Amino acid sequence: MTQTATAMMVQVRGERPSPIEITTRIPAEGEILVRMRAAALNFADLLMVKGTYQETPPLPFVPGLEGAGEVVAVGPNTPFSAGDRVAVWAQGTMAEFGTFPAGRCIRIPDSMSYADAAGFQIAYGTSHLALTARADLRAGEVLVVLGAAGGVGLTAVEIGAALGARVIAVARGADKLAAAKAAGASDLIDSDTTPDLKAALRALGGADVVYDPVGDAPGLAAFGALRTGGRYLVIGFAGGKPPELPLNHALVKNIAIHGFYWGGYGKLAPELLRDSMTQLFAMVAEGRLTPRQGPLTPLSDLAQAYELLESRRSIGKVVVSI
C-alpha cells in the first residue's frame, strides 16, 4: 500500500524542469510519514542538481534537505504520533509528502511557524555546532562573520551574540548590514566600500574566531586578522573558491583551521548533531533565538526560488511553501 505525492524537480544536469510522480512508502520501523508544509533551499541543493555535490543522490531525486510539516503516519518504535508538528533534516523535503527516519526529525515549538522551522535547521545547526563543538567560542571573544546577511551568516551572528561574543559582521550594502545588526552584531563592515578588509578588522582589534562561508579573498583577509591562538572555521565557498591560506602563519600564531560540514555529522557524530538541534529548538522556545524568515515562495515557483538563491540577492534563507 502506497501514498502518492507530487514534487517539482528543478533543472537537473541540463534537463528541463517538470513535475514528477513519486511513491511515498508507508513508514517502516523507525520511520514517519510527514505532510510537508514548507521546505528551505540551500547552496548544496544547487550543487546537487548540477551533479557536483559530494553526496548527490542518483537520478531521479526529490530536492530539498530540510523542511517542516505534520506527521500523518508512524512506523513501529518511533517517538512521534500522528498530528505532531516536526522539523525534518533529510533528503527529499521538497514534496507534498515524505517518509523520513524518525532520528532526523524533531518536534517544533507551538510558537514556531512551519516556514521558520523549515529554514532553521541547517543554517542554525551549522553555526551552533561549528561555533560550539569546533571553535569553542567563549563569552567575551571576538567573532568575525563573513557573508553575515546570508542564510548561515545571519545565524552565526545571532548565535555568536547569544553565546556572549562580540560579533563583527561583514556584508555587502546597508540593507544586509542592517539585518546583521538586528541579529546582534556589535560592529559592521561593508565589504563593498572597504578596500582593505584585513586592515579594517585589525583596526577593530582582530578576531579570536572567523566564521567563513565565503572563502576566496575575503576569507584570506579575515584569516590575516586572527589573533594568536585564533580559530578559523571553513564553512563554504560562496565566493567561488577556497582561500589560499598561509599555513606558515597558522603555525607561528598557533591558529587552528577547522573544516566544518554539518551534513557529515550524521555519520561522524549523530548524537552531537541531534543534541545541537535539541538545544537550538529549546533556545527558540525560551526566546533566546528569533529565526528571521527570508523570502517565501510557492512550490510552483521553485525554479525562481533557486535563481534567487544562486544570485545571492536574498537576505536570510529562501523558503518554499507547500
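Quick caveat, the model's predicted, so the values are computed rather than measured.
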For D275, what residues pass the side chain to side chain donor-acceptor pair (under 3.5 Å) criterion, not counting sequence neighbours?
->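 D275 satisfies side chain to side chain donor-acceptor pair (under 3.5 Å) with Q279 once adjacent residues are dropped.
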Just jot down the side chain to side chain donor-acceptor pair (under 3.5 Å) partners of Y261, sequence neighbours excluded, or say none.
->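 Only Y53, E55 meet the side chain to side chain donor-acceptor pair (under 3.5 Å) criterion with Y261.
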Do [X] and [Y] land in one hydrophobic cluster if side-chain heavy atoms of ILVMFWY residues count as linked below 4.5 Å?
{"X": "L299", "Y": "L46", "answer": "yes"}
{"X": "L201", "Y": "L177", "answer": "no"}
{"X": "V145", "Y": "I189", "answer": "no"}
{"X": "L188", "Y": "Y211", "answer": "no"}
{"X": "L226", "Y": "V167", "answer": "no"}

Look up atom [atom1] in [X] and atom [atom2] in [Y], then write down how far apart they are to the nearest 0.5 Å.
{"X": "F281", "Y": "I108", "atom1": "CZ", "atom2": "CD1", "answer": "6.5 Å"}
{"X": "H128", "Y": "L137", "atom1": "NE2", "atom2": "CG", "answer": "10.5 Å"}
{"X": "I106", "Y": "D84", "atom1": "CD1", "atom2": "CG", "answer": "12.0 Å"}
{"X": "D187", "Y": "K181", "atom1": "CG", "atom2": "NZ", "answer": "8.5 Å"}
{"X": "R227", "Y": "I255", "atom1": "CZ", "atom2": "CD1", "answer": "12.0 Å"}
{"X": "L41", "Y": "E307", "atom1": "CG", "atom2": "CD", "answer": "11.5 Å"}

For V34 and T93, what are the C-alpha separation, side-chain angles and deciding distance, and is it a side-chain contact (heavy atoms from CB on, under 4.5 Å)?
-> CA-CA 9 Å; V34 180; T93 58; over 6 Å; no
Identify the two heavy atoms, one from [X] and one from [Y], that lie closest to each other, and give their separation to 0.1 Å.
{"X": "A185", "Y": "V157", "result": "N-CG1, 3.5 Å"}
{"X": "L220", "Y": "P246", "result": "CD1-CD, 3.7 Å"}
{"X": "R104", "Y": "A90", "result": "CD-CB, 4.0 Å"}
{"X": "A162", "Y": "L289", "result": "CB-CD2, 4.3 Å"}
{"X": "A130", "Y": "I235", "result": "CB-CD1, 4.1 Å"}
{"X": "A165", "Y": "L143", "result": "CB-CB, 4.3 Å"}

Does [X] use its side chain to pair, donor to acceptor, with the backbone of [Y] at less than 3.5 Å?
{"X": "R37", "Y": "S113", "value": "no"}
{"X": "N254", "Y": "G229", "value": "no"}
{"X": "D212", "Y": "V214", "value": "yes"}
{"X": "S311", "Y": "L308", "value": "yes"}
{"X": "Q121", "Y": "E66", "value": "no"}
{"X": "N42", "Y": "D45", "value": "no"}
{"X": "T155", "Y": "A123", "value": "yes"}
{"X": "S191", "Y": "V170", "value": "no"}
{"X": "D190", "Y": "G173", "value": "yes"}
{"X": "R202", "Y": "A207", "value": "no"}

If you define the side chain from C-beta out and look only at heavy atoms, does anything of [X] sit under 4.5 Å from [Y]?
{"X": "L65", "Y": "Q91", "answer": "yes"}
{"X": "L163", "Y": "T132", "answer": "yes"}
{"X": "V284", "Y": "F120", "answer": "yes"}
{"X": "P218", "Y": "D216", "answer": "yes"}
{"X": "R35", "Y": "I322", "answer": "yes"}
{"X": "M283", "Y": "E158", "answer": "no"}
{"X": "E96", "Y": "M36", "answer": "no"}
{"X": "I32", "Y": "V88", "answer": "no"}

Can S276 and L280 be said to form a side-chain contact (heavy atoms from CB on, under 4.5 Å), step by step?
-> CA-CA 6 Å; S276 172; L280 283 167; 3.9 Å; yes
Verify the neighbour count for atom [atom1] of [X]: are there more than 12 heavy atoms of other residues, nucleotides or ligands below 6.0 Å?
{"X": "R107", "atom1": "CZ", "result": "yes"}
{"X": "D196", "atom1": "CG", "result": "yes"}
{"X": "D136", "atom1": "CG", "result": "yes"}

Scan for ring-ring contact (aromatic ring centres under 6.0 Å, His included) pairs involving residues 214-237, sequence neighbours excluded, and state none if there are none.
->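 Residue pairs passing ring-ring contact (aromatic ring centres under 6.0 Å, His included), neighbours aside: F223-Y232.
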Tell me, please, which residues at least two apart from R134 pass salt bridge (charged side-chain N to carboxylate O under 4.0 Å, His left out).
->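 Once residues adjacent in sequence are excluded, R134 has no partner under the salt bridge (charged side-chain N to carboxylate O under 4.0 Å, His left out) criterion.
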Contacts of R85 that satisfy salt bridge (charged side-chain N to carboxylate O under 4.0 Å, His left out) - sequence neighbours left out |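 Testing R85 for salt bridge (charged side-chain N to carboxylate O under 4.0 Å, His left out), a comparison that skips the adjacent residues, returns none.
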Return all side-chain donor-acceptor pairs below 3.5 angstrom for residues 262-269, not counting sequence neighbours, or 'none' if the list is empty.
none

Carefully, step by step, assess L273 and W89 under the rule side-chain contact (heavy atoms from CB on, under 4.5 Å).
-> CA-CA 11 Å; L273 190 152; W89 63 93; 3.3 Å; yes
Kindly indicate, with the supporting measurements, whether the criterion side-chain contact (heavy atoms from CB on, under 4.5 Å) is fulfilled by M94 and L302.
-> CA-CA 9 Å; M94 204 69 66; L302 182 58; 3.8 Å; yes
